[in-house]
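Take a look at the structure set out below.
Atoms within each ligand, like the ligands themselves, are counted from 1 in listed order. On a predicted model such as this, the values are computed, not experimentally measured, just so you know.
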Amino acid sequence: MIKYVPKMTSVVLEEIPDRVSLAVDISNCRGNCVGCHSPFLKLDIGEELTPAVVDALIADNFGVNCFLFLGEGRDPEALLSLAGHIRTAHPVMEIALYSGREDVEPAIWDAFDYVKVGPYRPECGPLNERTTNQRLYYHKEDITFRFWRKGIDPNV
Ligand code: SF4
């Protein structure tokens, strides 16, 4: 089961370049970032993110063209199933994952258009700083430089 925090759901413009993203905060984070910005996301909180909920969120946010999972929870099969649902039911949507891990499994690279990897380290800074240890990939191509060029704050 994948859970999200409904009240934190929002439409964002900066987290994924050139996309209007519907961002959902996923709880049960298995990360352990030293500079964690949202420790409560490590807890088993929120509501289940089902395919029906995904459909309703997309319907309620007309114009979004990317579904962004902020975190991946602890149920990889359920996460991949949700990504597969979006791919099938909403083919115009791109799918993005912000993972706090150093790397993700091949199945995740294949299921998501965008994947961000790397735990947040305060001494390295977020994606928009050239010293960052984090990376954002689009179909496995490193596009982290897009944040440096624009100088935007991806709010990690
Ligand atoms: S990925 Fe890291 S910063 Fe994000 S909630 Fe998990 S521990 Fe915190």
Side-chain angles (χ1 to χ4, degrees), residues 1-50 53-54 57-58 61 64 66-86 93-148 150-156:
M1 179 191 300
I2 295 294
K3 286 186 173 180
Y4 77 118
V5 182
K7 67 182 180 183
M8 297 180 71
T9 301
S10 60
V11 175
V12 296
L13 301 176
E14 298 179 343
E15 276 74 359
I16 301 295
D18 303 328
R19 295 290 179 270
V20 180
S21 299
L22 179 58
V24 294
D25 281 79
I26 306 300
S27 61
N28 284 306
C29 176
R30 53 177 151 165
N32 195 26
C33 304
V34 174
C36 178
H37 50 70
S38 306
F40 57 91
L41 288 178
K42 298 179 186 180
L43 305 175
D44 183 20
I45 60 173
E47 299 177 12
E48 183 176 3
L49 187 63
T50 65
V53 171
V54 167
L57 288 171
I58 292 173
N61 290 277
V64 295
C66 183
F67 196 97
L68 170 59
F69 293 78
L70 294 174
E72 54 186 319
R74 295 176 183 267
D75 188 342
E77 286 189 17
L79 182 70
L80 289 170
S81 179
L82 286 171
H85 169 75
I86 296 170
M93 296 282 288
E94 294 202 276
I95 314 169
L97 173 67
Y98 266 34
S99 168
R101 294 188 287 153
E102 296 281 6
D103 199 0
V104 295
E105 294 75 17
I108 288 183
W109 286 113
D110 291 341
F112 290 83
D113 299 295
Y114 296 88
V115 178
K116 175 188 164 187
V117 293
Y120 177 63
R121 295 193 177 121
E123 70 275 20
C124 298
L127 275 177
N128 66 330
E129 295 186 18
R130 291 172 185 267
T131 53
T132 187
N133 61 298
Q134 300 181 311
R135 289 291 180 271
L136 180 68
Y137 291 87
Y138 180 64
H139 292 167
K140 301 180 182 177
E141 177 186 354
D142 189 340
I143 61 167
T144 314
F145 69 93
R146 295 287 307 276
F147 293 98
W148 303 338
K150 289 185 174 180
I152 59 178
D153 181 359
N155 192 28
V156 298

Could you pull out all donor-acceptor pairs under 3.5 Å where a side-chain atom in residues 1-12 meets a protein atom, sequence neighbours excluded?
| from | atom 1 | to | atom 2 | distance (Å) |
| --- | --- | --- | --- | --- |
| Lys3 | NZ | Asp44 | OD1 | 3.1 |
| Thr9 | OG1 | Pro6 | O | 3.2 |

Exercise. What are the atoms of ligand 1, with element, lying closer than 4.0 Å to any heavy atom of Gly100?
Worked result: 1 (S)
For this session: Under the salt bridge (Lys or Arg N to Asp or Glu O under 4.0 Å) rule, collect the residues that match up with Arg74, sequence neighbours excluded.
Result: none
Exercise. Got an N, O or S from Cys29 under 2.8 Å of atom 8 (Fe) of ligand 1?
Worked result: no
Exercise. Can we say Lys116 and Glu15 salt-bridge, meaning some charged N sits less than 4.0 Å from an Asp/Glu carboxylate O?
Worked result: no
Exercise. Taking NZ, NE, NH1 and NH2 as the nitrogens, is one of them in Arg30 or Asp75 under 4.0 Å from a carboxylate oxygen of the other?
Worked result: no
For this session: Determine, using heavy atoms of Lys42 and all atoms of ligand 1, whether some pair is separated by less than 4.0 Å.
Result: yes
